[in-house]
A.B. asks: 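My questions will all concern the structure given below.
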Amino acid sequence: MSASPAIAAGVVAAAAAAVVRMRTVDTSGVQLLHAPRTAAVNDKTLLDVLGACPSLSDPSARFVPSALLPTADLQTCYNALAQRLGGPKLVAYERELILTPDGGTLGLDWAPSFASVPPDDRPVVLVAHGLSGGSHEAYVQSTVARLISAPYALRV
């Protein structure tokens, strides 16, 4: 399967933008902040999570990307190309729609489906996709496939 000229041009443009970004310094000042009072979930709070996973709030912690995809631009292009070229679907979901009081709709895609694994007491993990993504995204499916299999066996 050959890539179209538009896709090739997009990859070249993203690579050029990535090179420019690699030479800039992040001055955004983004910090991990939370409210003075955190919401409890099953008697666990954000402070409990941070205590159990100190790397989430450690100022020296950082994301180290693959050398093949060193910037967010290239990572985004890779996912877009992989999806366009039709990667395999790794996870079968069962969709639950929740109507909100303001007229909105929330969609929850459960894995494994309740038809294949009845509801039980396994922990539930919420995997949130990007702003314009969904549970069909390759990175979401890859994450979910790992979480619902051994040794984790979670419900996502």
A.B. asks: Compare all side-chain heavy atoms of Val117 with those of Ile148 and state whether any distance is below 4.5 angstrom.
C.D. replies: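 SC-SC contact between Val117 and Ile148 ruled out.
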A.B. asks: Rounded to the nearest 0.5 Å, what's the gap from CG on Leu108 to CG on Leu97? Could you check?
C.D. replies: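 That separation rounds to 8.5 Å.
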A.B. asks: Strictly distance-based, threshold 3.5 Å: is any side-chain N or O of Thr76 a donor or acceptor partner for the main-chain N or O of Ala72?
C.D. replies: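 Indeed, once roles are kept as given, a pair shorter than 3.5 Å links the two residues.
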A.B. asks: Please find the pair of heavy atoms, one from Val91 and one from Gln141, that lie closest to each other, and give the distance.
C.D. replies: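 Of all heavy-atom pairs spanning Val91 and Gln141, the closest is N-OE1, 3.3 Å.
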A.B. asks: Can you hop from Ile98 to Val124 via hydrophobic side chains spaced under 4.5 Å?
C.D. replies: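 Yes, because Ile98 and Val124 connect within a single hydrophobic cluster, where side-chain heavy atoms sit under 4.5 Å apart.
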A.B. asks: Give a yes or no on whether the backbone of Ser113 and the side-chain of Tyr93 come within a donor-acceptor separation of less than 3.5 Å.
C.D. replies: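 Not at all, since once roles are kept as given, no pair shorter than 3.5 Å links the two residues.
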A.B. asks: Could you tell me which residues satisfy side-chain hydrogen bond (donor to acceptor under 3.5 Å, both in side chains) with Thr100, sequence neighbours excluded, listed by chain and number?
C.D. replies: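 In terms of side-chain hydrogen bond (donor to acceptor under 3.5 Å, both in side chains), with neighbours along the sequence ignored, Thr100 is linked to Asp102.
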A.B. asks: Looking only at non-hydrogen atoms, find the nearest pair between Gln75 and Pro70 and report the distance.
C.D. replies: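 Closest pair (atom of Gln75, atom of Pro70, distance): NE2-C, 4.2 Å.
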A.B. asks: Return the set of residues passing side-chain hydrogen bond (donor to acceptor under 3.5 Å, both in side chains) with Glu96 (not counting sequence neighbours), or none when no residue passes.
C.D. replies: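 Checked Glu96 against side-chain hydrogen bond (donor to acceptor under 3.5 Å, both in side chains); matches are Trp110.
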A.B. asks: Which heavy atom in Ala92 sits nearest to a heavy atom in Ala111, and how many Å separate them?
C.D. replies: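 For Ala92 and Ala111, the tightest heavy-atom pair comes out as O-CB, 4.2 Å.
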A.B. asks: Check the hydrophobic clustering (I, L, V, M, F, W, Y; side-chain heavy atoms under 4.5 Å; chains of links allowed) and say if Leu74 and Tyr78 are grouped together.
C.D. replies: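 Leu74 and Tyr78: one cluster.
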A.B. asks: Hey, mind stepping through Val144 and Arg146 against side chain to side chain contact (heavy atoms under 4.5 Å, CB included) and telling me if it holds?
C.D. replies: CA-CA 5 Å; Val144 170; Arg146 284 176 177 79; over 6 Å; no
A.B. asks: How would you list, by chain and number, every residue that makes a side-chain hydrogen bond (donor to acceptor under 3.5 Å, both in side chains) with Ser66, sequence neighbours excluded?
C.D. replies: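 Counting only residues at least two positions away or on another chain, Ser66 forms no side-chain hydrogen bond (donor to acceptor under 3.5 Å, both in side chains).
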A.B. asks: With rounding to the nearest 0.5 Å, note down the distance linking CZ in Arg95 to OG in Ser135.
C.D. replies: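 Going from the CZ atom of Arg95 to the OG atom of Ser135 covers 5.5 Å.
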